[in-house]
4 protein chains.
Amino acid sequence: MAQQKRTRIQEKNRATILEAALEVFSNQGFRGATLDQIATAAGMSKPNMLYYFRSKEAMHIALLERLLDTWLDPLRTLDAAGDPVEEILGYVRRKLDMARAYPRESRLFANEIVQGAPRILTEIKGPLKALVDDKAALIAGWSAQGRIAALDAHHLIFSIWATTQHYADFDVQVRGILAPKGDAHFDDAAEFLAGFYRRALTVG
Amino acid sequence: MAQQKRTRIQEKNRATILEAALEVFSNQGFRGATLDQIATAAGMSKPNMLYYFRSKEAMHIALLERLLDTWLDPLRTLDAAGDPVEEILGYVRRKLDMARAYPRESRLFANEIVQGAPRILTEIKGPLKALVDDKAALIAGWSAQGRIAALDAHHLIFSIWATTQHYADFDVQVRGILAPKGDAHFDDAAEFLAGFYRRALTVG
Amino acid sequence: MAQQKRTRIQEKNRATILEAALEVFSNQGFRGATLDQIATAAGMSKPNMLYYFRSKEAMHIALLERLLDTWLDPLRTLDAAGDPVEEILGYVRRKLDMARAYPRESRLFANEIVQGAPRILTEIKGPLKALVDDKAALIAGWSAQGRIAALDAHHLIFSIWATTQHYADFDVQVRGILAPKGDAHFDDAAEFLAGFYRRALTVG
Amino acid sequence: MAQQKRTRIQEKNRATILEAALEVFSNQGFRGATLDQIATAAGMSKPNMLYYFRSKEAMHIALLERLLDTWLDPLRTLDAAGDPVEEILGYVRRKLDMARAYPRESRLFANEIVQGAPRILTEIKGPLKALVDDKAALIAGWSAQGRIAALDAHHLIFSIWATTQHYADFDVQVRGILAPKGDAHFDDAAEFLAGFYRRALTVG
DNA sequence: GATGAATGAGTCTTCATTCAT
DNA sequence: CATGAATGAAGACTCATTCAT
């Protein structure tokens, strides 16, 4: 992976393009997005954009690579030394915060997975699975020790992903139903999830 | 909107087309799908297909309309007269069964919502919201009566949608992480969700 | 090689396109030719043209396949039972006649070979080599029997190809040098080559 | 055309570029070649390359001009004072030697002529024709004097060009047919052509 | 009802060339 | 001299839709 040296202009332009691409890809999906839209959003000519990324797909891949790196950070910080319930609740909160702060990234990811993950299946089956298996083992240990309720650790993680990312991925639906409330629903969601997971995890 | 009478052959062909369109749209998204793919999947010529549906969008809309009708059935059956916890657990189960039986429908819906629901926002803000508000009121009542834990009914419903549809929408990710298990993960999920929601709902 | 059945219109349009493509490819080479030029020459819209041939390359390949089939006919008719010198002179004449009648085909072929034959190297190393080896063996036999001069049969065949196709491939040069003569130079060439090969072949 | 004085570094860079351009043009043709390929081959940036040659076409023209100058040298040395047959055989050999030593130049020329010689038609009709006419007159004189066989001198020259350049221009075809022989075929060709032309020229 | 044929409007990508430093 | 950055113009190919039968 010999990374070429890049000038400051290059770094800036690449960042501008990725920002624009994220905006468009996350809303339209890969096929729905056009280079014209991205170029306009980036304030750049199409050929110049392709000077920085050789193809539409190259942009998409760059986005996904950058994403996976940071997307899993909340899970990585799950600490074996902490209190089990608080650790998991903390993970839920961090994950929800990310959904709130980076909804476009979440939708980019969702778009990709829903359509079969053609570009990141390898990453999923490799590093992602490894990390999940690792943390699931930790949670399963807590469960076996009776420090949290008896449950399937993998499916617990899935549930956390599902319930938190839902607020980013299905945003329009959530807003449509909760209207005319504003962004406050994220705080309500945080409160709901906190109580919800606390009860579900705590040993009766 | 004068609904034309349709012959049996017409009904059959429309059904064949919608089946093919569902297959393609759910995998590729609206923009990613091509009429060629759908026509091939339907074993029909493109112009003939367009004789039954005037445009690509008409197919999509037909699919979404049909979908919303049935997609909410599990929620409708939530019974005010039943036992609150069992009613909600039953809803979770029925929703998961639907995700298992109709993953393409779920993904079609997910694709549409993730991309801003351009074609069904009206439905969401109208009939869907009405039904959800209605059932949320029922659940909120149970909660206020202390028959289930204190929680936000709307967000409870969101969580049920999220955790169950996740197994359809994020199927490849779930399989990638749980590999090499087969379809058994749906049973595991059912068990997990049952215990999970029971604990989360039951009043301490 | 399941050949699809084609309607009369298809056959006609395919022929029209190939005729136009031959004209353009033989003059500009593969890379130099544009679909616009070919479409214009064929009196057809570009997309409609691509309805008949999926790509620019498909046209080129179709031309080359058709070409190789007929291009070697003159060599095939070399008859073991005939008089050696007359047989070879007959071959020279037929080859020159082809260069005169089908200069575009000759140039198409020349363009391809000069640029490394990326699309027909397989054909050259296979069927073409087989035929040449076969006929070279026949000629070598005549040579060994003293019925024609002692010479290398393969190189004799090369010389015949070179001297005859030269009048098609290097046409502009030939005309530029012989100007202001008209097409008469083909007759002069025929006479020259006849005498030339007769002397070169006849056993002193 | 005021010829600018050039520094040593300029001369060297121009030479490097032309060498790279020759490599690329001779393999891909003018349209098929890209400045990127040439710049890469020359180990130089594209704009810097264009500093030395204002355009792609300028490189091509420079190559062709340089080429024509040397390409005809073998013909120029045809000596009226020598023995006719030996003079012509010597010319054949020198021409074949050039095809062997400079195949890229030969293919560059072939590419240009096959495609109608748009850039050097003038040269062909001018200096080239003049030289050929001159030498053809010499050969015609020998022929008229009975010192070589009766033949058309212009077409004799064409035949020599054709048979010798064939080994450069149609190299892949020759190798494909003679495989798996190596470069030895050039020696075989030399021997064949020597015997061939000697018999064809010698007066019975 | 059904289909072969046709096309206008894109859509990604390439490329020779110019600009700015 | 040298190069990173930028682009207008073109080019191959796609696709939803329409036409004609």
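Residue numbers start from 1 in every chain, and the chains themselves are labelled A, B, ... in the order their sequence lines are given, proteins ahead of strands. As a basis for the values below, the full set of heavy atoms in this structure was taken, side chains included, without hydrogen atoms, waters or symmetry mates.
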Practice task
Pick out which of D/Phe109, D/Phe30, D/Phe53 makes a ring-ring contact (aromatic ring centres under 6.0 Å, His included) with D/His60.
Solution key: D/Phe30

Exercise for the section: Any strand is fair game: report the nucleotide pairing with F/dA20 by Watson-Crick or G-U wobble, both distances under 3.5 Å, or none. Expected result: E/dT3

Problem - B/Ile113 side chain near A/Asp169 side chain, heavy-atom distance below 4.5 Å - result: no

Problem - Residues from residues 43-60 of chain A lying under 4.0 Å of DNA chain F - heavy atoms - result: A/Ser45, A/Pro47, A/Asn48, A/Tyr51, A/Tyr52

Exercise for the section: Compare side-chain N and O positions of A/Arg31 against OP1 and OP2 of F/dC15 and report whether any pair is under 4.0 Å apart. Expected result: yes

Completion exercise
To the nearest angstrom, the CZ-P distance between A/Arg8 and F/dA5 comes to 12 Å

Completion exercise
Residues B/Glu57 and B/Arg119: closest non-hydrogen pair is OE2-NH1, 3.3 Å

Practice task
May I ask you to evaluate whether B/Asn13 reaches the phosphate of E/dA2, defined as a side-chain N or O under 4.0 Å from OP1 or OP2?
Solution key: yes

Problem - Donor-acceptor side-chain pairing of B/Asn111 and B/Gln28 below 3.5 angstrom - result: no

Practice task
Could you state the atom-to-atom distance from CG of C/Leu35 to C1' of F/dG11 in whole Å?
Solution key: 8 Å

Problem - Integer-rounded Å distance: E/dG4 C1' and C/Lys12 NZ - result: 14 Å

Handout entry: Side chain D/Arg14, main chain D/Tyr52, donor-acceptor under 3.5 Å
Key = yes

Practice task
Could you walk me through whether D/Glu19 and D/Arg104 pass the salt bridge (Lys or Arg N to Asp or Glu O under 4.0 Å) test, one step at a time?
Solution key: CA-CA 10 Å; D/Glu19 160 64 22; D/Arg104 299 178 308 178; 2.9 Å; yes

Exercise for the section: Report the distance from atom CG of A/Asp36 to atom C1' of E/dT11, rounded to the nearest whole Å. Expected result: 8 Å

Exercise for the section: Calculate the interatomic distance between A/Gln28 atom CD and E/dC12 atom P; express it in whole Å. Expected result: 12 Å

Exercise for the section: Select from C/Ile9 and D/Ala33 the residue whose nearest nucleotide in DNA chain E is closer to the 5' end of that strand. Expected result: C/Ile9

Completion exercise
Closest heavy-atom pair, D/Thr16 versus D/Ala42, reported as atoms and distance to 0.1 Å, is CG2-O, 3.7 Å

Practice task
Quick one: label D/Ala39 by what it contacts on the DNA or RNA (base, sugar-phosphate, nothing), any heavy atom closer than 4.0 Å.
Solution key: nothing

Problem - Below 4.0 Å: OP1/OP2 of E/dA5 and any side-chain N or O of C/Gln10 - result: yes

